[in-house]
Amino acid sequence: MAELLETLLSWFHVVREPVGGVLLVVGGLLAIVGAVGLLRFPDIYTRLHATSVTDTGAATLMIVGMILLSPTGWVALKLVFIWVFMFLANPTASHAIANAAYTAGMEPKIGPSGDTGEADR
Amino acid sequence: MSVVNPDIGVLLVNVTLLALLFFVAIAIARLRSLFAIVMLTGAYSLISAMWFVAVDAVDVAFTEAAVGAGVSTVLMLGAMLLTARTARVEPNWKRLGPLAVCLVTGAVLIYATIDLPAFGDADSAANSHVGAMYLQRTAAEIDIPNVVTAVLASYRGFDTLGETAVVFAAGLAVSLLLGFGERSLSASHKPARANLKGVLVPSNKSDHHVVLRVVAKVLIPIVMIYALYVHFHGELSAGGGFQAGTIFAVAIVLYSLLFGITAALDAFPVIWARSIAAFGVLLYAGVGFWALMNGGNYLDYDFVLPPDDPDYGPEDANTWSQHVGIILIELGVLFAVAGSLISIFYAFAGRAPEIRDEDW
Amino acid sequence: MIAFLHGLASDAMILHAPALLVAVPLIFSAVITFLPSGRVAWLVTVLVSLFSLWCAAILQHEVSLNGPISYALGGFPPPIGIEFRVDALNTLFLLLVTGIGFLAAIGSWATVNAEMRDTRINLFYAAYLVCFTGLAGVAITNDAFNLFVFLEISSIATYVLVGVGARRDRRALPAAFNYLIMGTIGATFFVIGVGFLYAATGTLNLTDLAARIPDSESPRAVQAGLAFIVVGLGLKLAMYPLHQWLPNAYAYAPSFVTVFLSATATKVSFYALVRFLTYVFPEVDAENILFTAVFAPLGIAAMIICSFQAVFQVDVRRTLAYSSVAQVGYMLLGLSLATAVGLSASLLFLFNHALMKGALFLALAGVVLHYQGTQMRDMAGLGRQAPWTMTAFAICALSLIGVPLTAGFASKVTLLSACFDKGWWWAAFVIVGASLLAVVYMGRIIEAAFFRAPANPQKLRKEAPVSLLVPLWFLAIANIWIGFDASFPAGLADDAAGAALSTMVRP
Amino acid sequence: MFEFIGERYNYWMIIGLMMIGLYITFQSSNLIKRLTGLSIFQTSVFLFYVTLSKVNGGSAPILFGRDWKGQGKKAEAEAANGATGDAVATPYGGDGHGDAGAVGYGPVDGLYETYSNPLPHVLILTAIVVSVATLSLGLALIVRIREAYGSIESDDVARADLETALAEAADRDESEATA
């Protein structure tokens with residue numbers, strides 16, 4: 001059992017840097033996807049869906065990547081706290097926005113979303 | 001040899017963030033909707049906070065994010081809620097005068113930068129004289145790693161006392177102008193308002209905020225503990241009295257946004273906010289007097305505590321009492337900033353909105 | 001009298017006087033917010049300003065005995081820590097700020113009680129003490145950025161003190177807002193100037209700056225820094241084209257606030273300008289274009305145009321506000337002579353003007369207490385209805401005009417002789433012309449008050465309360481006393497000019 | 001030429017931001033927009049101060065690695081008897097005295113690592129809070145102006161003041177007529 005742990009540990013040290021880097025890059029790409037979603041979706045609800053899901057996802061990936069790259073244990077622990085706080089706060093914020101949009105009476109756009117269509121129909 | 005920063009990465013981050021700031025600033029200049037302007041000002045502060053991190057100014061980034069992006073956006077939203085929604089169109093001829101003044105000032109500024117030291121030059125006048133002295137002397141004299149907190153609290157402690165006085169004066173001023181939110185106590189129940197679709201929407205007493213309230217009950221204690229962490233950890237890493245006070249105030253603001261201003265006034269009454277602000281200034285100036293009484297100059301933290309080791313000569317610094325002095329005045333700053341910002345928020349929130357509904 | 005006050009102080013007191021002068025008002029401004037009743041807050045304010053006046057007197061005596069005092073705050077020597085440096089130039093302004101602050105505080109209870117809501121009186125006095133701390137701090141600090149912080153402390157308190165006048169006249173709010181915008185732009189220009197000086201030399205202490213500016217390797221940054229500091233302080237100083245905020249701010253502020261501000265706020269910025277020009281920029285010598293091409297024309301323009309505008313004002317307070325801007329023009333003219341006699345004349349002019357203007361607005365405060373209006377028609381016949389206040393007003397009005405045997409005459413004569421001494425005979429004509437305009441706009445008020453039938457005769461004789469008359473008459477008598485022998489203020493002004501010019505390159 | 005620009009591009013971009021902030025303050029008649037212009041102008045001045053403090057290859061002015069060994073006295077004691085030597089590996093690599101890569105790097109003598117200049121950071125910490133204090137006071141005045149005048153456009157406010165002045169002049173003339 002001990003040497004299994006040992007090999008795991010040594011394997012972990014080898015693979016730590018690249019995996020962290022990859023995670024950071026993927027998180028960045030996910031955030032870009034969210035931004036593109038924000039621009040292209042027609043109304044607030046779909047936009048909100050695009051940004052909130054990708055933000056939480058991208059941030060989680062980045063934080064895990066940073067935990068792998070973190071030099072000392074303390075930094076990793078602090079990153080975990082940040083992740084917990086963000087995991088609680090981010091979805092609540094998007095819920096609040098959706099709630100406010102709904103109470104203000106904004107209608108989700110139903111029907112084909114081709115930008116030519118609705119204007120004249 | 002050129003002093004251009006060879007590390008192209010820092011260069012790129014630097015330029016993109018400043019370009020981003022340009023776009024935000026130009027957008028603010030052209031927009032008329034006040035809501036968008038307020039949001040963009042918050043974005044402007046946040047991007048400049050990011051830029052401060054890119055230029056190794058972590059304490060400044062922390063403060064700019066907490067105070068610049070956080071509190072001022074809340075205050076501007078509060079003021080905008082109480083006033084108007086859109087700005088009026090500006091006639092074009094009005095743009096020429098200001099444009100001329102700005103171009104002239106810009107020209108003088110550009111003229112001045114011709115022989116300014118290069119960006120990032122280590123042995124420029126600014127970085128080699130007093131700034132370097134602080135770096136050399138902090139480890140021996142004040143013995144804390146965060147040199148910015150050492151300079152803020154001990155070397156230039158009087159500046160920060162002036163700073164606390166400014167925050168206290170601002171809290172005082174807004175209370176003088178807008179009262180303490182008494183009106184919100186009287187107008188306890190705001191009438192239900194019809195929304196765009198004509199559906200009667202119950203105002204704050206309804207429970208359609210249940211998700212927010214549950215999460216807030218979990219988050220607000222964490223925010224307050226984080227504020228205390230930022231305060232006490234200010235010597236070892238970025239942090240300190242201002243940021244801690246702001247975070248504490250934002251926790252109370254979050255509570256009053258979700259549970260209504262009357263509930264917040266019960267939980268954290270206005271008289272507490274005002275007296276905490278005054279107590280902060282008293283604590284800070286009091287530490288100065290305590291040092292005066294013990295024979296040192298005003299705000300000389302070497303005299304806050306009797307020297308810890310017996311053979312204490314005049315030349316070696318009493319680092320332990322420097323620590324205690326810095327923690328005490330940071331506590332004073334925390335109280336002053338938290339008290340003032342909370343009383344400012346109560347003043348705005350308590351001002352029952354006078355706006356007519358069609359403005360909304 | 002000052003030696004007597006100095007004798008009272010224990011040596012620890014003397015050693016720490018610079019720090020106490022600024023720290024005690026700040027502490028008591030925080031203490032006052034806890035006090036329940038307004039009257040106790042008023043009493044504390046009077047005692048605290050008296051204590052600061054005592055510290056200023058001690059400093060004046062110390063400086064006259066053994067030269068400039070340097071006080072290292074926080075125990076760190078100057079270039080590292082922040083330093084207070086007090087020489088003859090500082091003590092003149094410290095005495096002025098604390099003296100006028102004390103006298104205004106004594107006479108303030110009646111007007112503040114009448115104009116402020118009683119729940120807010122102790123907050124009002126707390127804001128007043130914060131403003132008092134800021135002005136005293138600007139006059140005493142020897143650190144460029146610390147000067148900015150104190151400038152901001154006094155400005156924020158001033159904006160709110162002006163804005164609180166909205167209870168009587170809603171126009172105080174836009175006046176306070178414009179004052180805030182112009183004042184903040186001025187303070188930010190000052191910070192940009194200090195930033196350039198810091199970039200060029202690497203230090204913030206004024207003495208260290210003076211030493212390192214000549215051999216700094218970015219002279220253009222130093223010139224630009226000087227330009228921005230002059231524009232920034234010019235805005236705070238209400239120099240002619242940058243003075244638009246002053247008339248409304250002084251006219252619609254609560255009357256007690258105008259008494260204090262008109263006598264001290266712009267004066268302290270004038271001190272900061274003189275300190276930077278003579279002490280920090282040694283290469284700004286007499287022939288520097290700044291004096292001949294900027295201060296002289298702007299000063300003369302202020303004297304003529306603002307006195308002209310003062311003549312056509314309807315509200316008496318706006319007339320006095322415009323005359324304040326004109327008087328700043330006189331001081332700038334004295335400064336632009338760039339000679340020891342010129343600077344001493346402008347400082348003497350400044351000292352006497354503070355006494356005159358403080359007394360005039362104090363008298364108006366007494367009038368506003370019972371007669372509410374300060375329009376020209378409300379002044380009709382007040383000479384008979386409120387004889388004590390109006391005779392003091394008349395004395396100070398004559399002093400403002402420069403009638404012989406008054407303080408105004410003494411200061412105008414010294415300014416005229418300084419002009420002739422420099423050979424600017426045309427400047428003398430401008431001074432005389434502006435004084436004639438002063439005769440017109442002040443004479444109008446005196447004529448309305450004394451030689452016209454009262455507008456509403458049924459109003460019975462209502463005199464200002466004694467607590468306001470005592471400081472008013474103290475200032476009025478001071479005006480006459482200086483008319484007879486101007487030794488005290490003239491001595492102060494000469495030492496101050498000597499101290500300032502000792503570092504400036506001789507012409 | 002590229003070198004000259006390479007060293008000063010930062011200043012010019014920040015000056016551009018300052019001028020935009022000043023332009024907004026002077027040009028807009030809406031009072032809230034004037035305050036936003038003012039806060040942009042002040043934030044750009046803070047950017048200018050912090051550019052002065054950047055040192056190439058330097059890190060935040062928080063002592064770390066071999067410059068910081070815990071309690072000052074304990075560190076001196078250790079350094080005196082040379083006990084631990086290089087116990088704490090500096091995270092940024094390099095043995096401290098001058099990473100060869102950073103050109104123009106001049107270490108502050110007595111320190112192993114390079115740091116940015118802490119003084120502008122302290123000044124800006126103070127200036128940020130001053131700008132928020134001014135902003136909150138300006139917003140309070142705007143709320144009061146809105147309640148007193150019903151609008152927050154400086155043109156409307158100025159017109160309302162003009163009307164009150166004219167009204168006063170009118171009833172003064174008529175009171176003089178009756179006197």
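The sequence lines fix the lettering, A, B, ..., with proteins before strands; numbering per chain opens at 1.
For D/L17, the parts lying near chain B are the backbone and the side chain together; criterion is any non-hydrogen pair under 4.5 Å. Only the side chain of D/L135 has a heavy atom closer than 4.5 Å to any heavy atom of chain B. Within the 4.5 angstrom heavy-atom criterion, atoms from both the backbone and the side chain of D/F46 approach chain B. For D/S131, no part lies under 4.5 angstrom from a heavy atom of chain B. Both the backbone and the side chain of B/M76 come within contact range of chain D, with heavy atoms under 4.5 Å apart. For D/T36, the parts lying under 4.5 angstrom from a heavy atom of chain B are both the backbone and the side chain. D/Q27 touches chain B through backbone and side chain together, each having a heavy atom under 4.5 Å away. Heavy-atom distances place the side chain of D/I14, and not its backbone, under 4.5 Å from chain B. In this structure, chain D has heavy atoms under 4.5 Å from both the backbone and the side chain of B/V147. Heavy atoms of B/V15 lying under 4.5 Å from chain D belong to its backbone as well as its side chain. If you measure heavy-atom distances from D/V50 to chain B, the contacts under 4.5 Å come from both the backbone and the side chain. For chain B, the nearby parts of D/I142 are the backbone and the side chain; heavy atoms of each come within less than 4.5 Å. Proximity to chain D (any heavy atom under 4.5 Å) is shown, for B/R95, by both the backbone and the side chain. For D/M13, the parts lying near chain B are the backbone and the side chain together; criterion is any non-hydrogen pair under 4.5 Å. Of the atoms belonging to B/D59, heavy atoms from both backbone and side chain fall under 4.5 Å from chain D. Both the backbone and the side chain of B/I28 come within contact range of chain D, each with at least one heavy atom under 4.5 Å from a heavy atom of that chain. Proximity to chain B is limited to the side chain of D/I24, based on heavy atoms less than 4.5 angstrom apart. For a residue to count as touching a neighbouring chain, one of its non-hydrogen atoms must lie under 4.5 Å from one of that chain's; by this rule B/T105 touches chain D with backbone and side chain alike. If you measure heavy-atom distances from D/I145 to chain B, you find no contacts under 4.5 Å at all. In this structure, the portions of D/L139 lying under 4.5 Å from any heavy atom of chain B include both its backbone and its side chain.
When each of D/F48, D/Y23, D/Y115 is checked for heavy-atom pairs under 4.5 Å with chain B, D/Y23 comes out on top. Interface check for chain B: of the options D/A133, D/P120, D/G16, the most heavy-atom pairs under 4.5 Å are formed by D/A133. Contact tally against chain B (heavy-atom pairs below 4.5 Å) for D/G58, D/S136, D/G37: the top residue is D/S136. In terms of non-hydrogen atom pairs under 4.5 Å with chain B, the most contact-rich of D/L137, D/L47, D/T25 is D/L47. Of the listed residues (B/L109, B/T149, B/V166), the one with the most heavy-atom contacts under 4.5 Å to chain D is B/L109. Most heavy-atom pairs under 4.5 Å with chain B, from the set D/V129, D/L123, D/I124: that is D/V129. By number of non-hydrogen pairs under 4.5 angstrom with chain D, the leading residue of B/V337, B/L135, B/L40, B/T160 is B/L135. Heavy-atom pairs under 4.5 Å with chain D were tallied for B/G162, B/G106, B/A169, B/S128; the largest tally goes to B/G106. Highest contact tally toward chain D, considering only B/G68, B/C102, B/A79, B/A170, is held by B/C102 [criterion: heavy-atom pairs under 4.5 Å]. Among B/L99, B/T164, B/V24, the residue making the largest number of heavy-atom pairs under 4.5 Å with chain D is B/L99. Of the listed residues B/Y155, B/Y134, B/F62, B/F52, the one with more heavy-atom pairs under 4.5 angstrom with chain D than any other is B/F52.
At least one side-chain heavy atom of D/D156 sits under 4.5 Å from a side-chain heavy atom of D/E153. Counting heavy atoms from C-beta outward, B/L21 and B/L17 have side chains that stay 4.5 Å or more apart. Within the 4.5 Å cutoff, the side chain of D/R146 has no heavy atoms near those of the D/V143 side chain. The shortest distance between side-chain heavy atoms of B/L81 and B/F348 does not fall below 4.5 Å. Counting heavy atoms from C-beta on, the side chains of D/V122 and B/D159 never come closer than 4.5 Å.
Within a 6.0 Å radius of CZ in B/F35, other residues, nucleotides and ligands contribute 12 heavy atoms or fewer.
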side-chain hydrogen bond (donor to acceptor under 3.5 Å, both in side chains) evaluation trace for D/S53 with D/N117: CA-CA 5 Å; D/S53 77; D/N117 177 5; over 6 Å; no
Chi angles and distances behind the side chain to side chain contact (heavy atoms under 4.5 Å, CB included) call for B/I344, B/L75: CA-CA 8 Å; B/I344 289 173; B/L75 292 181; 3.6 Å; yes
Side chain to side chain contact (heavy atoms under 4.5 Å, CB included) between B/I144 and B/Q322, intermediate numbers included: CA-CA 9 Å; B/I144 57 172; B/Q322 289 278 352; over 6 Å; no
Test log, rule side chain to side chain contact (heavy atoms under 4.5 Å, CB included), inputs B/F242 and B/E163: CA-CA 10 Å; B/F242 295 117; B/E163 193 34 55; 3.2 Å; yes
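In summary, the aromatic rings of B/F119 and D/Y11 are positioned with their centroids too far apart to meet the 6.0 Å limit.
With 3.5 Å as the limit, one finds no donor-acceptor pair spanning the side chains of B/E235 and B/N146. Between the side chains of B/Y44 and D/S44, at least one donor N or O lies within less than 3.5 Å of an accepting N or O. A side-chain donor from one of D/Y149 and D/D161 sits under 3.5 Å from a side-chain acceptor of the other.
For D/R8 (side chain) and B/A118 (main-chain N/O), no donor-acceptor pair under 3.5 Å exists by modelled atom type. The main-chain N or O of B/Q243 is never found under 3.5 Å from a side-chain atom of B/T63 such that the two would form a donor-acceptor pair. Judged purely by atom type and a 3.5 angstrom limit, D/K33 uses its side chain to pair as donor or acceptor with the backbone of B/L31.
Under the side chain to side chain contact (heavy atoms under 4.5 Å, CB included) test applied with B/F345, the options B/V71, B/V74, B/V174 reduce to a single match, B/V74.
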